[in-house]
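Small disclaimer: the values here were computed from a predicted structure and weren't measured.
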Amino acid sequence: MTKGYFIYLVNFFYAGTSHPELAEIIARRIGLPLSKAEITRSGIGETSVRIAESVREDDVYIINTGCGAVNTALMELCIMIHACKIASAKRITAVIPLFPYSRQDKKDKSRAPITAKLVANMIQRAGCDHVITMDLHASQIQGFFDVPRMYHLSRYKRSDIYLGCFFLKLYAEPSAILYIRTHFNVDDVVIVSPDAGGAKRATSIADRLGVDFALFHKERKKANEVSRMVLVGHVRDKIAILVDDMADTCGTLCLAAQHLSEAGVSKVYAIVTHGILSGNALKSVEESALEKLIVTNTLPQTANQAACSKIEVIDIGVVLGEVIRRSHYGESVSKLFHEVPY
């Protein structure tokens, strides 16, 4: 038997089993205790959820992130949403720091599924009213949610579309910028995108810091395997900071760090929102030219930090906690796209 948790917000906040450390951080930010539920799994892996107290006409927040056994975490999230829905919760918000299957967002070959759309359908059909996530791999996923009202907030623009599902997209950019300002001499920094797809992210950070940026053009043999990278921009004698939304096998980041080192940078760092770090990623990072790989705690990182001395973590629990508080009380969250709450 595994324990799940709620946070009282006058109403409730519930955490699945995928990332209990983040739930604790959010609870401390809100200043309210976690309340309990029971999550059990049968011998064949079926998940059962029992909510330990009444949620009738209450505002419920459920947090589960897409890590570890992703399929189990996703089913757990849907079952928790459904359990609260049929228990007559007034509003259910899913807080999903890393959206599951976000890289399967388009039909890129014959007979390929658009799995991110399927996940969106599952979450909606389970009974979810609102979704809060961070740094979607592809912004088009916002369009996969079709119910009552979508309220899209991003670092670039704000739009109010009367469709139905309240979708709040957060971005780790303010936390990354704060880290850079407090740990580096900004005059020595150049922001680097490891691929052309991340150029918008890199230029946004570079513009806010008032520094130069560079990018790599990369060619892949297959998914997660890069064959060639070409650097575009001037980086010599600078501190290069690679920025990306996620790091999986870290092949791209490590290869980019090697190229930057050969191009004459003084040091290379990487800041990534979602540190998936699968396979031999930790070994690759440890042996790479990277001084540090800085990730947020959208995924559990305690074991990764213990296994690799170069991993450092930025806490985004305070951001999620403040968004939840503002959402519950109907306050504006737009300020959080420009600065980190204290």
Specify the closest pair of heavy atoms between Ile92 and Gly127, including all atoms of both residues, with the distance to one decimal.
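Smallest heavy-atom distance, with atoms named: CD1-O, 3.9 Å.
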
Val230: hydrophobic cluster co-members (side-chain, 4.5 Å)
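Traced through the cluster, Val230 reaches no other member.
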
Apart from Leu98 itself, residues in the same hydrophobic cluster as defined by side-chain heavy atoms under 4.5 Å:
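So far as hydrophobic clustering goes, Leu98 is joined with Met246, Ile276, Leu299.
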
Pair Val333, Glu322 - check side-chain contact (heavy atoms from CB on, under 4.5 Å), show working.
CA-CA 9 Å; Val333 298; Glu322 182 63 13; over 6 Å; no

Would you say the side-chain atoms of [X] pair up with the backbone N or O of [Y], donor to acceptor, closer than 3.5 Å?
X      : Y      : value
Lys238 : Asp187 : yes
Ser261 : Ala257 : no
Asp195 : Gly198 : yes
Lys292 : Lys310 : no
His328 : Ile324 : no
Ser204 : Lys200 : no
Gln140 : Asp105 : yes

A side-chain contact here means heavy atoms from C-beta on lying under 4.5 Å apart; do [X] and [Y] qualify?
X      : Y      : value
Phe99  : Ile123 : yes
Tyr269 : Leu242 : no
Arg208 : Glu173 : yes
Val272 : Val243 : no

Following the transitive rule for hydrophobic clusters with a side-chain heavy-atom cut-off under 4.5 Å over Ile, Leu, Val, Met, Phe, Trp and Tyr, establish whether Leu118 and Leu136 coincide in one cluster.
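Linked within one cluster.
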
I'd like to know if Ile25 and Ile132 are part of one continuous hydrophobic network [Ile/Leu/Val/Met/Phe/Trp/Tyr, side-chain heavy atoms within less than 4.5 Å].
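Hydrophobic grouping puts Ile132 apart from Ile25.
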
Arg50/Glu38 under salt bridge (charged side-chain N to carboxylate O under 4.0 Å, His left out): CA gap, chis, key distance, verdict:
CA-CA 5 Å; Arg50 188 180 72 83; Glu38 292 179 358; 3.5 Å; yes

Spatial distance of atom CG (Leu293) from atom CD (Glu286) [nearest 0.5 Å]:
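The distance works out to 11.0 Å.
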
Using the test side-chain hydrogen bond (donor to acceptor under 3.5 Å, both in side chains), find all partners of Gln104 that sit at least two apart in sequence or belong to another chain.
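Residues passing side-chain hydrogen bond (donor to acceptor under 3.5 Å, both in side chains) with Gln104: Thr115.
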
